[in-house]
Amino acid sequence: MLITPLDLEREPLEFNLTFEPGSIDYGGEIHQIGPMLTSGTADLIKEHRGPREIIADIRLRGNCSGKFEVPCARCLDTVEHEVNSEFDLLFRPVGVDHDSSEHAVTTSETEIGYYLKDGLVLEDVLREQVLLALPARSLCGPDCKGLCPHCGSNLNTDACNCDAAPADPRWSALSDLRSRIKT
C-alpha cells in the first residue's frame, strides 16, 4: 500500500489491513505464520522552514500483530514468536535534510525515516517493525544442546557417536598443570 502526501492533503488516511504469509518478505530465515493484522492512521504534517519552503512529513501511527517462525540459534529448529508492535513514526522526503555542509546527527534526526518522492510503502514499514520486534537471538529452549560440531546431528533429538575432539597440541603443556598445583 503506497501512502503519498497527496493522499493525505485533505484528511488523514486510516487503514485496517490483513497481510497473508508471503505478501511481505522478511528475509530468508523469518517466516510469517498465518495472517498479520495491522491498523492505524497516516497524517500529513507540514513543516514550515521559511516563507516558501514547506516540507510534507508523513506521521504513521498504528500497530501490527502476527505469528512468526525463526530458527533456534543453537539447533536450527523453528521457534515461534508472537509479535504485537505499536509504532509512531515520522517520515520525511529523501534529500530534504541534505545540505552542502557536514554536521553532527542529532538525537531527533535519528528518529526520522525517509520516503522517496512517490510516497511511503506500508509493507516496508511493517517489515521493519516486525524485524525490530523479534528477538535478535532465539532458542528453542534454555537447555538446547545445539548441533554436533563434527557430524551436524541435532543433539536434542539424536545421540551422537562422534569421538571427542582431539586435543590441540598447543595446549599440551598445560594438561598436567592441575596435578602440579598445590591446594
Side-chain angles (χ1 to χ4, degrees), residues 1-140:
M1 173 180 182
L2 182 65
I3 301 170
T4 65
L6 187 60
D7 294 337
L8 304 174
E9 280 290 333
R10 283 183 249 127
E11 63 184 11
L13 173 69
E14 297 203 11
F15 56 91
N16 191 357
L17 302 168
T18 301
F19 291 94
E20 294 300 323
S23 59
I24 299 175
D25 181 20
Y26 299 99
E29 297 183 341
I30 299 170
H31 302 284
Q32 181 180 330
I33 307 169
M36 180 177 67
L37 307 173
T38 184
S39 61
T41 306
D43 299 316
L44 185 66
I45 300 174
K46 292 185 178 180
E47 181 181 342
H48 297 274
R49 290 193 174 173
R52 293 192 180 142
E53 187 179 5
I54 298 174
I55 297 171
D57 292 342
I58 297 175
R59 182 177 184 190
L60 189 62
R61 293 176 285 178
N63 59 53
C64 61
S65 62
K67 290 185 180 181
F68 297 85
E69 283 183 341
V70 296
C72 173
R74 292 183 188 160
C75 70
L76 303 178
D77 281 347
T78 57
V79 180
E80 190 174 305
H81 288 284
E82 188 161 334
V83 169
N84 289 312
S85 177
E86 293 198 13
F87 49 88
D88 188 352
L89 306 167
L90 185 66
F91 294 91
R92 162 171 301 160
V94 169
V96 168
D97 292 333
H98 177 72
D99 59 2
S100 59
S101 64
E102 291 185 23
H103 67 280
V105 176
T106 64
T107 303
S108 62
E109 289 175 323
T110 63
E111 297 174 3
I112 296 174
Y114 294 91
Y115 67 89
L116 296 175
K117 189 184 218 180
D118 298 337
L120 178 65
V121 178
L122 181 61
E123 288 85 342
D124 293 342
V125 175
L126 294 175
R127 176 187 312 107
E128 181 179 281
Q129 292 305 306
V130 166
L131 294 175
L132 289 171
L134 289 171
R137 184 173 180 223
S138 297
L139 294 177
C140 61

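Start at 1 with the first residue, then count along the sequence.
- L13 CG to T4 OG1: the interatomic distance, rounded to the nearest 0.5 Å, is 9.0 Å.
- In this structure, F68 has its ring center closer than 6.0 angstrom to the ring center of Y26.
- The two residues E69 and I33 have their closest heavy-atom pair at CG-CD1, 2.9 Å.
- Looking at heavy atoms from C-beta onward, L89 lies in side-chain contact with Q129 at the 4.5 angstrom threshold.
- For the pair T38 (side chain) and N63 (backbone), a donor-acceptor distance under 3.5 Å is present.
- When all heavy atoms of P5 and D118 are compared, the closest pair comes out as CD-O, 4.4 Å.
- Atom OG of S138 sits about 12.5 Å away from atom CG of D77, to the nearest 0.5 Å.
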Please report the C-alpha distance between I24 and D124 in whole Å, then the side-chain angles of each, then the deciding distance to 0.1 Å, and finally whether the side-chain contact (heavy atoms from CB on, under 4.5 Å) criterion is met.
CA-CA 8 Å; I24 299 175; D124 293 342; over 6 Å; no
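- A 6.0 Å sphere centred on CD of E29 holds no more than 12 heavy atoms belonging to other residues, nucleotides or ligands.
- L60 has its side chain within reach of L120: a pair of non-hydrogen atoms, C-beta onward, lies under 4.5 Å apart.
- The side-chain heavy atoms of E9 and K46, taken from C-beta on, include a pair separated by under 4.5 Å.
- Looking only at distances, a side-chain donor or acceptor of Q32 sits under 3.5 Å from a matching main-chain atom of G34.
- For the residue pair D7 and L2, the shortest heavy atom distance occurs at OD2-O, 3.9 Å.
- Between F91 and I112 there is no side-chain heavy-atom pair separated by less than 4.5 Å.
- Between M36 and the choices T18, V130, V83, the side-chain contact (heavy atoms from CB on, under 4.5 Å) rule is met once, by V130.
- Using a 4.5 Å cut-off on side-chain heavy atoms (C-beta onward), Y115 and P93 make contact.
- Under a 4.0 Å N-O distance rule, the pair R61/E14 does not qualify as a salt bridge.
- Taking each heavy atom of L139 and C72 in turn, the nearest pair found is CA-SG, 3.8 Å.
- Side-chain contact between C140 and C75 is present, with at least one heavy-atom pair separated by less than 4.5 Å.
- Between P35 and P21, the shortest heavy-atom distance links the atoms N-CD, 4.3 Å.
- With rounding to the nearest 0.5 Å, the separation of NZ in K67 from CG in N84 is 10.0 Å.
- Taking the side chain as every heavy atom from C-beta outward, L17 and L122 approach each other to under 4.5 Å.
- Annotation for F87 and C64: closest pair CE2-N, 4.2 Å, computed over non-hydrogen atoms.
- When the options I45, T41, I58 are evaluated for a side-chain contact (heavy atoms from CB on, under 4.5 Å) with L8, the one that passes is I58.
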Decide side-chain contact (heavy atoms from CB on, under 4.5 Å) for H81 and V79; before the verdict, give the C-alpha distance in whole Å, the side-chain angles of both, and the deciding distance to 0.1 Å.
CA-CA 7 Å; H81 288 284; V79 180; 3.7 Å; yes
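- Comment: D88 engages R59 in a salt bridge, judged by a side-chain N to carboxylate O separation of less than 4.0 angstrom.
- Looking only at distances, a side-chain donor or acceptor of E123 sits under 3.5 Å from a matching main-chain atom of M1.
- By the 4.0 Å N-to-carboxylate-O rule, D57 lies close enough to R92 to be salt-bridged with it.
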